[in-house]
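So the structure is just underneath, and the comments pick up after that.
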Amino acid sequence: MDFDEVITKRRSIREYAPGRSISEQQLEKLFDQVRLTPSARNLQQWEFIIVRDPENKKKLRECANNQKHVEDASAVIIAVGTKNLVLRAEMTTKDFAAKEALLAKLKDVSPEKAKVWAIQNVSLAVMSLTLAAANMGLSSCILAAFDPEKVRIEFGIPADYEPVLLVTLGYQSKPAPERPMKLGFDDIIHFEKFGKKP
Ligand SMILES: Cc1cc2nc3c(=O)[nH]c(=O)nc-3n(C[C@H](O)[C@H](O)[C@H](O)COP(=O)(O)O)c2cc1C
């Protein structure tokens with residue numbers, strides 16, 4: 001698919017064909033693209049829990065305001081972000097000098113800021129995930145309406161990680177619903193200064 005088609009085809013899909021599975025191979029291809037997402041200081045704060053077991057999808061649905069598509073999807077991804085920037089710096093820099101320089105810069109990053117970075121970076125990775133999925137013929141839906149603390153307990157997410165978003169993945173059972181209203185160029189664009197319209 002070319003990019004115009006991918007970005008147009010990606011829709012939030014909530015009706016999934018039952019009994020369809022997503023293979024390890026598909027997941028590997030998908031996440032091999034997701035991992036190329038840009039991130040603050042290249043810290044790649046994202047990690048993903050792939051939930052495919054029906055019992056676990058049921059548990060996740062209960063954590064997500066009982067949203068049915070969480071249970072119906074072939075897989076649900078719990079996208080989490082680490083707030084441990086030092087450990088991430090160790091993992092993402094190869095040579096000693098680069099690591100020391102990065103660690104020095106990270107010293108002034110507050111825990112609040114590390115959490116904001118986690119949310120920003122994981123959100124971008126999730127956007128990559130939905131586009132990469134669309135390109136592979138998979139449908140998806142991002143979800144923020146869930147109880148993060150309940151998800152943390154049920155899925156064993158450590159305290160230094162933030163559950164950021166869920167993403168359903170699967171094969172849609174119906175054509176996508178009509179696209180909801182999207183704002184136009186003039187609604188969202190300002191030239192040079194806020195308020196200066198075309
Ligand atoms: C941050 C975020 C949170 C969302 N949360 C939910 C959700 O909890 N449940 C859901 O069904 N859809 C959720 N959506 C999907 C939106 O409803 C959807 O993107 C929007 O209606 C536009 O439709 P489209 O994605 O087909 O363009 C969320 C989307 C985003 C980006």
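Both counts, for ligands and for their atoms, begin at 1 and track the order of listing. We use all heavy atoms of the structure for the numbers below, so side chains are in, but hydrogens, waters and symmetry mates are not.
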Quick one: do [X] and [Y] make a salt bridge, cutoff under 4.0 Å?
{"X": "K105", "Y": "D108", "answer": "no"}
{"X": "K196", "Y": "E192", "answer": "no"}
{"X": "E162", "Y": "K115", "answer": "yes"}

Test of ring centre spacing under 6.0 Å for F31 and F48: yes
Side chain, backbone, both or neither: A144 near ligand 1, heavy atoms under 4.0 Å: both
Region of C141 that comes within reach of ligand 1 [heavy atoms, distance under 4.0 Å]: side chain
Please write down residue, atom name and distance for the protein heavy atom closest to [atom].
{"atom": "atom 1 (C) of ligand 1", "answer": "L165 CD2, 4.1 Å"}
{"atom": "atom 23 (O) of ligand 1", "answer": "P180 CG, 3.5 Å"}
{"atom": "atom 4 (C) of ligand 1", "answer": "I142 O, 3.5 Å"}
{"atom": "atom 18 (C) of ligand 1", "answer": "S12 OG, 3.3 Å"}

Distance filter under 4.0 Å to R14 heavy atoms, resulting ligand 1 atoms: 10 (C), 11 (O), 12 (N), 15 (C), 16 (C), 17 (O)
Per-atom contacts, ligand 1 versus R10 - under 4.0 Å to a heavy atom: 24 (P), 25 (O), 27 (O)
Same apolar cluster: I13 and V76, side chain cutoff 4.5 Å: no
Criterion side chain to side chain donor-acceptor pair (under 3.5 Å) on Y16 and T168, from CA distance to verdict: CA-CA 9 Å; Y16 291 102; T168 57; 2.7 Å; yes
Option set Q67, H69, K182, M181, criterion heavy-atom distance to atom 9 (N) of ligand 1, minimum: Q67
N or O pair under 3.5 Å between A145 and ligand 1: yes
From CD1 (I50) to CG (L30), nearest 0.5 Å: 8.0 Å
Nearest heavy-atom neighbours spanning M1 and V6: CB-CG2, 3.6 Å
Close approach, R179 and ligand 1, non-hydrogen under 4.0 angstrom: no
